[in-house]
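Step one of this worksheet: look at the structure below.
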Protein chains: 2
Amino acid sequence: MATRTDAPTRREQILKEAARLFAERGFHGVGVDEIGAAVGISGPGLYRHFAGKDAMLAELLVGISGQLLTGGKRRLAESAGDPEKVLDSLIEGHIDFALDDRPLITLHDRELDRLRDSDRKLVRQLQRQYVEIWVGVVREVHPELSEPAARSAVHSVFGLLNSTPHLGRAGSLPGRGATAALLHRMAKGAFAAAGA
Amino acid sequence: MATRTDAPTRREQILKEAARLFAERGFHGVGVDEIGAAVGISGPGLYRHFAGKDAMLAELLVGISGQLLTGGKRRLAESAGDPEKVLDSLIEGHIDFALDDRPLITLHDRELDRLRDSDRKLVRQLQRQYVEIWVGVVREVHPELSEPAARSAVHSVFGLLNSTPHLGRAGSLPGRGATAALLHRMAKGAFAAAGA
DNA sequence: TCACTTTGTTAATGAGCGTTAACGCATTCC
DNA sequence: GGAATGCGTTAACGCTCATTAACAAAGTGA
């Protein structure tokens, strides 16, 4: 795991702030001037780094989907042959993502329709592949589940894990570790109960 | 249960179409002309029925929260004394809502920030009461859960149940009954697993 | 019949906002 | 030193869109 120590590039600053603002108030609810102000420059100054507002959203969503998929593939390979372990690893990875990048997880299922056709197709394809990894693993752990049932179950567990933005900003949470553990148990319990 | 047989009023038509459009493309992504067109009148014609676009969203969100809370209270009273039964009833009611009114369930946690302060406070208060009903019942069924843990668990199960908009529009679903049953099992499994 | 309300219409207004133009100023690189 | 490039700025353009104005027509009721 390569940890970054160098300062974030301007592009990265912009993406981070844009993600936060988009998640808070929606893509259409945020102006370019606001995004610029969040990184200390003017609105039009953003156009030195991105082709437009759409391009920021596109890069964010493609990036998220790609990261999730890449992580999923890696975890699948790492624990190949032990489905239980793979499933635990997938759940853990998704929880880390949901807890550490709440704005992104929010965007991920909220602003997809604002993308150009080609970008949206790409994101959908990445999402689909990610889902299919989960479906395959879930069916190995719970063979009694039909494929459609498993797919529904996976989407529902995503809903469960992606609920982190609703979990009270800071104070009310019983600590990151405890929350992660709770979500993990619930996800496993939900899958187990899915097979009747 | 009073079933309506009379034709929907114009106001109701507008609210229904507005809900669908807002859910599809976001509050800011929909113009008043579109909403008008969806019910066969012009955009400005809407102003005979609502004070503005904001008022439509407000009425939708307050209505949803109110319905959920009312239903929750009723179910709590109906099966008072039998927490297991109350929890089943709450889950069933929420699933019915999530399956029958997908656009509303989408709006419910997506567009809350677009409301005027007073409306947002009202909606938040209704939501909070609804959550508290669930938290109380869940802690009766699973006394080993601390209150914060139970509250997190409830929010997460809402995320699970509210995942219905992601569950493939029509063809891929294994039928409404089967989907409802699956969601119900998963919700119960998640709660059970929440208490370690 | 005649006023009044209800429910529409189209045209105009005015604000917001994404984007582009035109320009300035360091830094870098022959 | 001087051209090129990177990264900002402010001003202006043009479009979208919520809202309002002004007007019309159909029902309703005394």
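The sequence lines fix the lettering, A, B, ..., with proteins before strands; numbering per chain opens at 1.
Taking the side chain of B:Arg10 as heavy atoms from C-beta on, and the options D:dA18, C:dG8, D:dG8, the nearest nucleotide is C:dG8. Listed nucleotides D:dC7, D:dA18, C:dT19 differ in distance to B:Lys53; the shortest reach to its side chain belongs to D:dA18.
When rounded to the nearest whole Å, the span between OH of A:Tyr47 and C1' of D:dG6 equals 19 Å. For the pair B:Phe50 CZ and D:dT20 P, the computed distance is 16 Å after rounding to whole Å. A:His49 has its NE2 atom 11 Å from the P atom of D:dG6, to the nearest Å. Taking atom CD1 of A:Ile14 as the reference point, atom C1' of D:dG8 lies 12 Å away to the nearest angstrom. One interatomic measurement links the two molecules: CG of B:Asp33 to P of D:dC15, which rounds to 17 Å at whole-angstrom precision. Nucleotide D:dC17 holds its P atom 16 Å from the CG atom of B:Asp54, rounded to whole Å. If you take CZ of A:Arg11 and P of D:dG6, they are 14 Å apart, rounded to a whole angstrom.
The two residues B:Met186 and A:Ser156 have their closest heavy-atom pair at CE-CB, 4.0 Å. Contact between B:Pro174 and B:Thr179 at its shortest, heavy atoms only, is CD-OG1, 3.6 Å.
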I'd like a list of close polar pairs between nucleotides 9-12 of chain C and the protein, N/O only, cut-off under 3.5 Å.
unit_1 : atom_1 : unit_2  : atom_2 : d
C:dT9  : OP1    : B:Ser42 : N      : 3.1
C:dT9  : OP2    : B:Ser42 : N      : 2.7
C:dT9  : OP2    : B:Ser42 : OG     : 2.5

Pick out the pairs of N or O atoms, protein on one side and nucleotides 14-16 of chain C on the other, that lie under 3.5 Å.
none

Test side-chain contact (heavy atoms from CB on, under 4.5 Å) applied to B:His94 and B:Asn162, step by step: CA-CA 9 Å; B:His94 200 103; B:Asn162 293 350; 2.9 Å; yes
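Close to C:dC17, at under 4.0 Å from its OP1 or OP2, lies no side-chain N or O of A:His28.
At the heavy-atom level, A:Val30 lies under 4.0 Å from the strands shown only through sugar-phosphate atoms.
Residues A:Arg114 and A:Arg120 fail the side-chain proximity criterion, which asks for heavy atoms closer than 4.5 Å. Counting heavy atoms from C-beta on, the side chains of A:Leu112 and A:Gln127 come closer than 4.5 Å.
A:Arg11 is linked by a side chain to side chain donor-acceptor pair (under 3.5 Å) to A:Glu59, counting only residues two or more places apart in sequence or in another chain. Take B:Ala38 and apply the side chain to side chain contact (heavy atoms under 4.5 Å, CB included) test, not counting sequence neighbours, and it matches B:Glu17, B:Arg20, B:Leu21.
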Would you give me the side-chain donor-acceptor pairs under 3.5 Å for residues 41-54 of chain A, sequence neighbours excluded?
unit_1  : atom_1 : unit_2  : atom_2 : d
A:Ser42 : OG     : A:Gly45 : N      : 3.4
A:Lys53 : NZ     : A:Phe27 : O      : 2.9
A:Lys53 : NZ     : A:Val30 : O      : 2.8

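Pairs of residues two or more places apart, or lying in two chains, that qualify as side-chain hydrogen bond (donor to acceptor under 3.5 Å, both in side chains) and include a residue from residues 184-193 of chain B are B:Asp88-B:His184, B:Asp88-B:Lys188.
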